[in-house]
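As the structure is a prediction and not an experimental result, all values here were calculated from the model.
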Amino acid sequence: MIHLLIVGVLVIVATLGLGLLLTQTNILPLQASQQAITIDWLFNIHFWFIAFFVALICVVIVYSLVVFRRKAGEKGDGVYMHGNQRLEIFWTVVPIGIVLWMAVIGGQTLSDVERRDPQAITVDVFASQWSWRFQYEVTTEEGVRTAVASDVLVLPRNQQALLRLHSQDVIHSFFVPEFRVKQDILPGGEEYVRELRITPNTNGTYQVQCAEICGQGHYSMLAQVQVVDGSEFTGWLTEQAADCNLTDVECGQRWAETFGCLGCHTTDGTAKIGPTWLGLAGHNVELTDGSTVIADTNYLLTAIVDPNAQIVAGFQPNVMPQNFDELLSEEQINQIVAFIESLGN
């Protein structure tokens with residue numbers, strides 16, 4: 001009995017030490033959403049269970065090795081134990097009860113995380129190799145509904161956001177560690193659109209990551225998330241809904257950033273998934289079929305709306321989305337070309 005008492009005390013002490021170490025140190029990133037608070041509560045329960053079972057196993061093993069080791073002069077076998085019905089019932093029923101309880105609180109946590117707020121704002125998230133685009137619907141003062149696209153996900157603090165996740169090519173996964181929630185994004189059309197609800201609670205800048213290996217440029221599939229006050233969000237959305245009143249080159253740069261072009265093309269001369277735009281316009285381009293063309297305005301327009309028509313030597317076909325003529329207006333495409341041409345030298 002004395003051994004059980006000592007082991008019990010040691011297990012409690014070890015559990016408290018390990019449990020406090022796991023729950024009080026900064027293992028997880030900042031809690032930046034209401035969902036993160038709920039999920040971290042469940043994490044902490046798991047941490048305490050982990051601490052208890054690690055302590056139970058390690059203390060019993062170490063105590064047995066030290067206290068019941070063979071002493072000097074001992075040569076006989078130890079005492080054998082065979083069968084203990086009460087113990088077997090205990091270690092069968094208790095783990096089953098724990099598993100069932102964990103299943104119940106896991107279900108309750110999932111229900112809390114996915115609870116719908118009727119006042120939630122809706123953001124359509126478009127994932128493609130290897131960029132993110134976020135689209136908001138805005139109703140203007142004239143009552144016209146228009147879509148605002150951005151390469152930055154801007155969310156108001158303390159208001160639930162319903163993210164409708166679309167993939168334009170392969171399987172991706174939306175993940176912001178500070179929000180804790182993650183959702184796979186499937187290609188295949190409207191019936192495969194997935195939803196994710198987030199209620200940010202802390203202003204700041206975070207990062208969207210793709211948590212699914214989605215191809216050669218997966219590592220660079222990142223986007224910025226900005227959580228701001230509600231009034232600041234409204235002002236930003238109004239500003240974005242306005243026409244682009246900048247020069248054609250500046251508007252072209254804005255569209256190139258918004259629609260993820262700069263995820264594959266650089267403007268500093270370094271090669272990425274696609275050819276760099278620096279020094280491209282007006283220069284000879286060698287194609288995969290061995291021919292050479294001049295990167296004039298017509299070539300650049302064709303490269304945007306029909307990217308497989310003339311593949312540059314050293315690069316792969318079917319990498320660039322084939323539907324930019326649907327996503328972009330003719331004016332926006334011309335402005336992107338103007339931006340590329342501004343980088344000609």
Side-chain angles (χ1 to χ4, degrees), residues 3-67 87-117 155 157-158 160-161 163 165 172-185 194-213 222 225 227:
H3 293 302
L4 288 177
L5 185 60
I6 294 173
V7 167
V9 171
L10 291 175
V11 168
I12 292 172
V13 171
T15 299
L16 290 174
L18 185 56
L20 290 173
L21 178 67
L22 291 173
T23 57
Q24 300 302 313
T25 53
N26 296 323
I27 297 176
L28 300 173
L30 174 73
Q31 288 179 341
S33 73
Q34 293 299 321
Q35 289 78 11
I37 295 173
T38 305
I39 290 172
D40 283 0
W41 172 80
L42 190 60
F43 268 140
N44 283 335
I45 291 177
H46 281 80
F47 285 149
W48 279 108
F49 270 110
I50 291 169
F52 170 72
F53 284 112
V54 169
L56 179 65
I57 294 169
C58 292
V59 166
V60 170
I61 290 176
V62 172
Y63 187 86
S64 299
L65 289 173
V66 174
V67 177
L87 186 59
E88 290 172 357
I89 291 173
F90 177 80
W91 71 37
T92 300
V93 172
V94 170
I96 291 176
I98 293 174
V99 170
L100 292 176
W101 180 67
M102 294 297 290
V104 171
I105 63 172
Q108 290 174 339
T109 302
L110 181 62
S111 176
D112 289 341
V113 168
E114 295 185 342
R115 180 166 290 116
R116 300 185 175 194
D117 182 347
L155 298 174
R157 180 168 54 90
N158 292 333
Q160 188 180 89
L163 305 184
L165 305 168
H172 300 280
S173 187
F174 181 97
F175 181 45
V176 179
E178 289 81 0
F179 295 160
R180 301 291 191 275
V181 288
K182 181 164 74 73
Q183 176 63 55
D184 285 351
I185 311 174
R194 293 294 181 265
E195 295 184 348
L196 184 64
R197 293 176 183 274
I198 298 171
T199 310
N201 62 6
T202 306
N203 287 10
T205 300
Y206 312 102
Q207 192 174 68
V208 181
Q209 305 172 10
C210 178
E212 186 76 37
I213 296 178
L222 306 170
V225 185
V227 178

Can you measure from [atom1] ([X]) to [atom2] ([Y]) and round to the nearest 0.5 angstrom?
{"X": "F175", "Y": "Q209", "atom1": "CZ", "atom2": "CD", "value": "6.5 Å"}
{"X": "R197", "Y": "R116", "atom1": "CZ", "atom2": "CZ", "value": "5.0 Å"}
{"X": "D40", "Y": "F47", "atom1": "CG", "atom2": "CZ", "value": "8.0 Å"}
{"X": "I50", "Y": "N44", "atom1": "CD1", "atom2": "CG", "value": "10.5 Å"}
{"X": "F43", "Y": "L28", "atom1": "CZ", "atom2": "CG", "value": "6.0 Å"}
{"X": "L22", "Y": "F49", "atom1": "CG", "atom2": "CZ", "value": "14.0 Å"}

Taking all atoms of both residues into account, what is the closest heavy-atom pair of [X] and [Y], and its distance?
{"X": "Q183", "Y": "E195", "answer": "OE1-O, 4.0 Å"}
{"X": "A51", "Y": "G19", "answer": "CB-N, 3.5 Å"}
{"X": "A36", "Y": "E178", "answer": "CB-O, 3.7 Å"}

Any side-chain heavy atom of [X] sitting closer than 4.5 Å to one from [Y]?
{"X": "V11", "Y": "F52", "answer": "yes"}
{"X": "I45", "Y": "W41", "answer": "yes"}
{"X": "W48", "Y": "L20", "answer": "yes"}
{"X": "Q207", "Y": "V225", "answer": "no"}
{"X": "V176", "Y": "I198", "answer": "no"}
{"X": "L155", "Y": "Y206", "answer": "no"}
{"X": "P29", "Y": "R180", "answer": "yes"}
{"X": "N201", "Y": "N158", "answer": "yes"}

Given 3.5 Å as the limit, does a donor-acceptor pair link the side chain of [X] with the main chain of [Y], or not?
{"X": "S173", "Y": "E212", "value": "no"}
{"X": "Q34", "Y": "Q160", "value": "no"}
{"X": "Q35", "Y": "T199", "value": "yes"}

Contacts table for residues 90-111: side-chain donor-acceptor under 3.5 angstrom, sequence neighbours left out:
residue	atom	partner	partner atom	Å
T92	OG1	E88	O	2.7
T109	OG1	I105	O	2.7

**Report entry** CD1 (I213) with more than 12 external heavy atoms under 6.0 Å
**Finding:**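 No, not enclosed.
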
